[in-house]
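Please read the structure below before turning to the comments.
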There are 2 protein chains.
Amino acid sequence: MYFIHMIPGIRMTAPSHLSALTTRNNRLFTLLLERELKKTGLRSGQVPVLQALQDGKTLNQKALADFADIEQPGMTTLLARMERDGLIQREPDPADRRSTLVTLTLDGQRKSRNIVPIMEHLTDTALKGFTPLERDILVTLLERINSSLKSQL
Amino acid sequence: MYFIHMIPGIRMTAPSHLSALTTRNNRLFTLLLERELKKTGLRSGQVPVLQALQDGKTLNQKALADFADIEQPGMTTLLARMERDGLIQREPDPADRRSTLVTLTLDGQRKSRNIVPIMEHLTDTALKGFTPLERDILVTLLERINSSLKSQL
DNA sequence: TCTAAATACATAACATGTTATGTATTTCAT
DNA sequence: ATGAAATACATAACATGTTATGTATTTAGA
């Protein structure tokens with residue numbers, strides 16, 4: 001059981017358009033993330049793939065789509081671009097001829113090492129002035145929303 | 001000054017990838033919003049335009065882009081689709097020949113009346129189980145994040 | 001065993017958004 | 001009054017994601 005004291009800015013008003021807030025939130029995040037990633041030759045959509053395949057791991061495209069939480073066709077086109085850009089390799093799965101195994105190239109491995117510091121810096125920027133408790137409350141509330149929305153799918 | 005008692009689920013852990021959370025959040029919002037809007041023949045991107053032009057208002061494309069908080073080319077292509085679909089009309093501004101004035105068609109006005117209830121229902125779904133205080137805290141924290149991120153642009 | 005269902009991937013068509021760039025018009029300072 | 005800068009819009013090229021649909025392979029049940 002936890003208590004919050006003095007969260008600055010609390011107004012006790014009805015939420016302004018929550019979806020407009022989260023849309024704006026996400027676009028700002030993506031914009032700044034793209035800006036940082038650009039220096040290393042990466043794009044925002046590639047981040048989950050690079051993280052899932054770190055340390056030489058191998059996954060098929062379905063597993064990557066599940067990890068990134070996007071639909072399969074989106075992952076297929078994303079991986080096609082990443083292969084074109086030399087970040088990943090695709091090879092047929094000998095154990096299941098429907099399946100394609102994906103691994104990072106050496107260049108993909110090298111570039112993926114920039115992601116964690118970039119994400120940490122971005123998170124710090126976003127949560128500037130937040131107390132640790134406020135950070136946890138935010139994450140908790142967002143996860144509750146995501147759970148509520150997901151249950152409506 | 002306000003206090004929170006017993007926010008369920010608080011874990012006191014480091015935030016999991018905040019941008020992944022907000023990205024997921026926004027995609028879920030958009031998905032459910034699209035699903036509801038589909039019944040009325042609208043799309044999620046059209047919502048800010050329809051709201052800005054309610055009650056017969058007239059705005060040029062730049063003002064609409066500012067209102068929707070997107071770049072001008074995005075608004076141009078959005079309005080082209082909305083004109084194609086009969087939701088808006090565009091006419092040259094007689095006072096400034098660079099400018100195009102946008103108004104809702106009768107069909108656009110009629111359909112736009114569905115937006116508020118849909119958005120309210122979606123917000124209620126997302127914030128199911130939230131106390132009024134939790135709603136306010138969420139909005140406050142999101143607005144603080146947006147402000148921090150915006151200052152980095 | 002063999003057929004029906006499930007699974008993995010690809011492709012097409014599209015919406016939504018971004019940067020980069022070009023054109024026409026307006027504004028403003030000298 | 002005019003030339004430079006600012007403004008409004010359009011277009012192109014692209015990334016990211018969605019649904020709908022098709023193909024090939026694997027799995028599972030009668």
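Keep in mind the model is a prediction, meaning the values are calculated, not measured. Throughout, protein chains are lettered first and strands after them, A, B, ... in sequence-line order, and every chain is numbered starting at 1.
When the C1' atom of C:dT11 is taken as reference, atom CD of A:Gln72 falls 10 Å away, rounded to whole Å. The CG-P distance, from A:Leu59 to C:dA8, rounds to 13 Å in whole Å. Counting to the nearest Å, the P atom of C:dT7 and the CE atom of A:Met75 are 19 Å from each other. Rounded to whole Å, atom C1' of D:dT16 lies 12 Å from atom CG of B:Asn26. A straight line from CZ of B:Phe29 to C1' of C:dA15 spans 20 Å, rounded to a whole angstrom. Atom pair A:Arg43:CZ and D:dA13:P shows a separation of 17 Å (rounding to whole Å applied). If you measure from atom CG of A:Asp69 to atom C1' of D:dT16, you get 14 Å, rounded to the nearest angstrom. If you measure from atom CG of A:Leu33 to atom C1' of D:dA15, you get 13 Å, rounded to the nearest angstrom.
Checking B:Ala63 against A:Gln46, the closest nucleotide of DNA chain D that is more toward the 5' end is the one next to B:Ala63. Nearest-nucleotide mapping onto DNA chain C: of A:Gly74 and A:Leu31, the residue sitting toward the 5' end is A:Gly74. When each of B:Lys38 and B:Pro73 is assigned the nucleotide of DNA chain D bearing its nearest heavy atom, the one mapping closer to the 5' terminus is B:Pro73. If A:Lys62 and B:Arg81 are placed on DNA chain C by their nearest nucleotide, the residue sitting closer to the 5' end is A:Lys62.
Here A:Arg97 does not reach the OP1 or OP2 of D:dT23: none of its side-chain N or O atoms lies under 4.0 Å away. At C:dT18, one or more side-chain N or O atoms of A:Arg27 fall inside 4.0 Å of OP1 or OP2 (strictly under the cut-off). Phosphate contact (OP1/OP2 of C:dA15, side-chain N/O of B:Arg84, threshold under 4.0 Å): present. Residue B:Thr76 has a polar side-chain atom (N or O) positioned under 4.0 Å from OP1 or OP2 of D:dA10. For the pair B:Gln61 and D:dT7, the criterion of a side-chain N or O lying under 4.0 Å from OP1 or OP2 is not met. Contact annotation: B:Arg90 side-chain N/O to D:dA8 OP1/OP2 distance is not under 4.0 Å. Side-chain N/O atoms of A:Ser99 include none lying less than 4.0 angstrom from OP1 or OP2 on C:dA8. Applying the 4.0 Å criterion to OP1 and OP2 of D:dT26, one finds that A:Arg98 has every side-chain N and O outside that range.
When each of D:dT16, D:dT25, D:dT18 is scored by its nearest atom to the side-chain atoms of A:Leu78, the top-ranked nucleotide is D:dT16. Side chain of B:Asn60, nearest nucleotide from D:dA15, C:dT18, D:dC9: D:dC9.
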Walk me through it: do B:Arg27 and A:Ile70 pass the test side-chain contact (heavy atoms from CB on, under 4.5 Å)?
CA-CA 9 Å; B:Arg27 276 224 315 289; A:Ile70 64 174; 3.7 Å; yes

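In this structure, a donor-acceptor pair under 3.5 Å is absent between the side chains of B:Thr105 and B:Gln89. Defined by atom type and a distance below 3.5 Å, a donor-acceptor pair is missing between the side-chain atoms of A:Glu143 and A:Ser147. Side-chain atoms of A:Gln61 and A:Arg90 include a donor-acceptor pair closer than 3.5 Å.
Evaluation of atom-type donor-acceptor distances gives no pair under 3.5 Å for the side chain of A:Glu34 against the base of D:dA15.
B:Ser44 comes within contact range of the sugar-phosphate backbone alone, with a heavy-atom separation under 4.0 Å but no base atom that close. Within the nucleic acid shown, B:Asp93 has no heavy atom closer than 4.0 Å to any nucleic acid atom.
Salt-bridge formation is detected for the pair A:Lys111/A:Asp107: a Lys NZ or Arg NE/NH1/NH2 atom is positioned less than 4.0 Å from an Asp or Glu carboxylate oxygen.
In this structure, A:Met82 and A:Val102 have side chains that are not in contact, with every pair of non-hydrogen atoms separated by 4.5 Å or more.
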